[in-house]
There are 2 protein chains.
Amino acid sequence: MPDRLDGRRIPEATVARLPLYYRALNETAERDIETVSSEQLADLAGVNAAKVRKDLSYLGSYGTRGVGYAVEFLLAVISRELGLTQDWPVVIVGIGNLGQALANYGGFGARGFQVSALVDADPAKHGEKVGGLAVDPIESLADLVAMRGIRIGVIATPAAAAQDVTDQLVDAGISSILNFAPAIVSVPEGVSLRKVDLATELQILSYYQAERKSRRRVGKFTPDVQLQATTAKTS
Amino acid sequence: MPDRLDGRRIPEATVARLPLYYRALNETAERDIETVSSEQLADLAGVNAAKVRKDLSYLGSYGTRGVGYAVEFLLAVISRELGLTQDWPVVIVGIGNLGQALANYGGFGARGFQVSALVDADPAKHGEKVGGLAVDPIESLADLVAMRGIRIGVIATPAAAAQDVTDQLVDAGISSILNFAPAIVSVPEGVSLRKVDLATELQILSYYQAERKSRRRVGKFTPDVQLQATTAKTS
DNA sequence: CCGCGCTAGTGCACTTGTTCACAAAGTATT
DNA sequence: AATACTTTGTGAACAAGTGCACTAGCGCGG
């Protein structure tokens, strides 16, 4: 008779931090350390101790008061929770600069993921080997996904192609997508989507950078005359 | 007599969405569309209309009821807010796979940023040209940053080097850092830090992917014997 | 000039996330 | 066995973010 059968819906914010703990714990394990306190873990993960404890408490009561958490045990718990006990095959779509870098990126396979297919729309690239794997035409996406049991797709195409590629991935049966293209794509219910966007990140940094220096507000903003002019209706 | 002189602290969540609006507006402007409603903008940016309106209201009252927002005008407001009216020179540290991809990445300069320096610790890479720019030794970081007025640093090194590089960037006078290395780095007060982490993103996807299939809770977790065994240190 | 239709702006209730602070529960020590 | 010390787990206060639903304001057609 388990307590709280599955009344454990882990908050999104917590899920997003589990990988941090996972990594921190791995590093700790490599140093042959047996137990960590929430405070140590917090330091390693760059958060605060209360948050660590609350986050971990969603997974269950796996700590020992007065001692801390058993590193290996907690690793097992978290990797189970994150679904890292299995290896996830991944397809990368768009083998340009970024796609190639991702395909060659070591840390990819290192943590339970494995680049299992590369596809690109450009026929010139087909057959080319990148990171030991041949580039296939995008038309074969569905077959590759089905045959290799791929569930996760990474989009590294130009922005213009992103939505189209997304649709193809979804049609092919992919249900988790990581989008590197600087474009908003939409997916049907039941498909997870996360995005990584360089330009966005830089612009956010730019905001705070600009804020630090002269951000003197003097009431309403009146745009440059130049820009004001453009506002005039053209039709 | 301006109302709310600078009582406008823009919420973080809003700042993070401004780049989305900015991009959506740019696309809209390219199609020679003069005005957008919050609803249209919401669709383009992948959020909901109420959020758009609330977000934009932090910038001021720049919409027209019954009509919408003037695209060019709003673009000017947002780009001012994001500090995109100037060009930000950027240094990339670590010219491996990812660093090279970033250096060659077009969309970089496209939106107000400009790769102005590349540095790497490996002497073999020094002098090599990547994306039309020579790779310099990391020792010259401070000089480059000072001479080229660089404020933003991008870390594309292996995890092990990340903290060290971060410290050097900070010492060199950088106050905004975008970290691609899979490591937690800490920065002093007054320095902005954002991170982009492939492994983390994939693991989050993995969680939800695993959740969709068999996530049957049956009480407390007892780790696999195998894993339990692995607990023995590998040295 | 009036009224209709449309859309921005916003107060408010609600949800989610964070942090504090303390009781509970363990270890270590004498 | 009792006391001191450490550290988890969590209730509760607080903060941030979201979304509804309504009001205010603008443009346009008659």
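Proteins come first, then strands; the chains are lettered A, B, ... in the order of their sequence lines, and each starts at number 1. What you see is a predicted model; the values in this text were computed from it and never measured.
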> Produce a footprint string for nucleotides 17-26 of chain D: one letter per nucleotide, 5' end first; B if the base is under 4.0 Å from any protein heavy atom, S if only the sugar-phosphate is, - if neither.
SSBBB--BBB

> Rounding to an integer number of Å, can you tell me how far B:Leu56 CG sits from C:dA8 C1'?
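So the two atoms are 10 Å apart, to the nearest Å.
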
> At their closest point, which heavy atom of B:Trp88 faces which heavy atom of B:Ile152, and how far apart are they?
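The answer is CB-CD1, 4.0 Å.
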
> For a quick test of reading the model, state the closest non-hydrogen atom pair linking B:Phe113 to A:Ser206 and the distance between them.
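Reported closest heavy-atom pair: CZ-CB, 3.9 Å.
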
> Please confirm whether the shortest side-chain N or O distance from B:Ser38 to OP1 or OP2 of C:dT7 is below 4.0 Å.
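Answer is no, no contact under 4.0 Å.
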
> List the atom pairs, donor and acceptor, that lie under 3.5 Å between side-chain atoms in residues 187-196 of chain B and the rest of the protein, sequence neighbours left out.
from, atom 1, to, atom 2, distance (Å)
B:Ser192, OG, A:Arg212, NH1, 3.0
B:Arg194, NE, A:Glu201, OE1, 2.4
B:Arg194, NH2, A:Glu201, OE1, 3.2

> Enumerate, atom names and distances included, each donor-acceptor pair closer than 3.5 Å involving a side-chain atom of residues 15-25 of chain A, sequence neighbours excluded.
from, atom 1, to, atom 2, distance (Å)
A:Arg17, NE, A:Asp55, OD2, 2.6
A:Arg17, NH2, A:Asp55, OD1, 3.1
A:Arg17, NH2, A:Asp55, OD2, 3.3
A:Tyr21, OH, A:Asp55, OD2, 2.6
A:Arg23, NE, B:Pro182, O, 3.4
A:Arg23, NH1, B:Pro182, O, 3.4
A:Arg23, NH1, B:Asp197, OD2, 2.9
A:Arg23, NH2, B:Asp197, OD2, 2.5

> Do any of residues 184-194 of chain A sit with a heavy atom less than 4.0 Å from DNA chain D, and if so which?
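Correct list: empty, so none.
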
> What heavy-atom pair brings B:Thr157 and B:Gly94 nearest, and what distance separates the two atoms?
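Nearest heavy atoms, B:Thr157 then B:Gly94: CG2-CA, 3.8 Å.
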
> Rounded to the nearest angstrom, tell me the gap between atom CG in B:Leu74 and atom C1' in C:dT7.
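Going from B:Leu74 (CG) to C:dT7 (C1'), I get 15 Å.
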
> Measure CG/B:Leu59 against P/C:dA8 and give the value in whole Å, please.
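To the nearest whole Å, that distance equals 14 Å.
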
> Does a nitrogen or oxygen in the side chain of A:Tyr69 sit under 4.0 Å from OP1 or OP2 of D:dG9?
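Answer is yes, contact under 4.0 Å.
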
> Evaluate the side-chain proximity of A:Leu198 to B:Phe180: yes if any heavy-atom separation is below 4.5 Å, no if none is.
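Contact flag for B:Phe180/A:Leu198 side chains = yes.
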
> Just how large is the angle between the end axes of the helix from C:dC1-D:dG30 to C:dT30-D:dA1, five pairs per end, to 10 degrees?
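Here the local axes at opposite ends form an angle of 0°.
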
> Which heavy atom in A:Ser186 sits nearest to a heavy atom in A:Gln163, and how many Å separate them?
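Taking every non-hydrogen atom into account, N-OE1, 2.9 Å.
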
> Any pair with a residue in residues 160-183 of chain B that passes salt bridge (charged side-chain N to carboxylate O under 4.0 Å, His left out), sequence neighbours left out, goes on the list, sorted by first then second residue, please.
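Sorted result for residues 160-183 of chain B: empty, none.
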
> Testing the basics here: between B:Lys54 and B:Ser57, what is the closest heavy-atom pair and its distance to 0.1 Å?
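Residues B:Lys54 and B:Ser57, closest heavy atoms: O-OG, 2.7 Å.
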
> Looking at B:Gly83 and A:Ala210, what are the two nearest heavy atoms and their distance?
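Heavy atoms only, the tightest pair is CA-CB, 4.0 Å.
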
> Only one of A:Asn97, A:Val90, A:Val154 clears side chain to side chain contact (heavy atoms under 4.5 Å, CB included) with A:Leu102; which?
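It is A:Val154, the one option of A:Asn97, A:Val90, A:Val154 that forms the side chain to side chain contact (heavy atoms under 4.5 Å, CB included) with A:Leu102.
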
> What integer distance in Å separates A:Ile10:CD1 from C:dG17:P?
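To the nearest whole Å, that distance equals 12 Å.
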
> Roughly how many Å is it from CZ in B:Arg9 to P in D:dA16, rounded to a whole number?
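The answer, rounded to whole Å, is 12 Å.
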
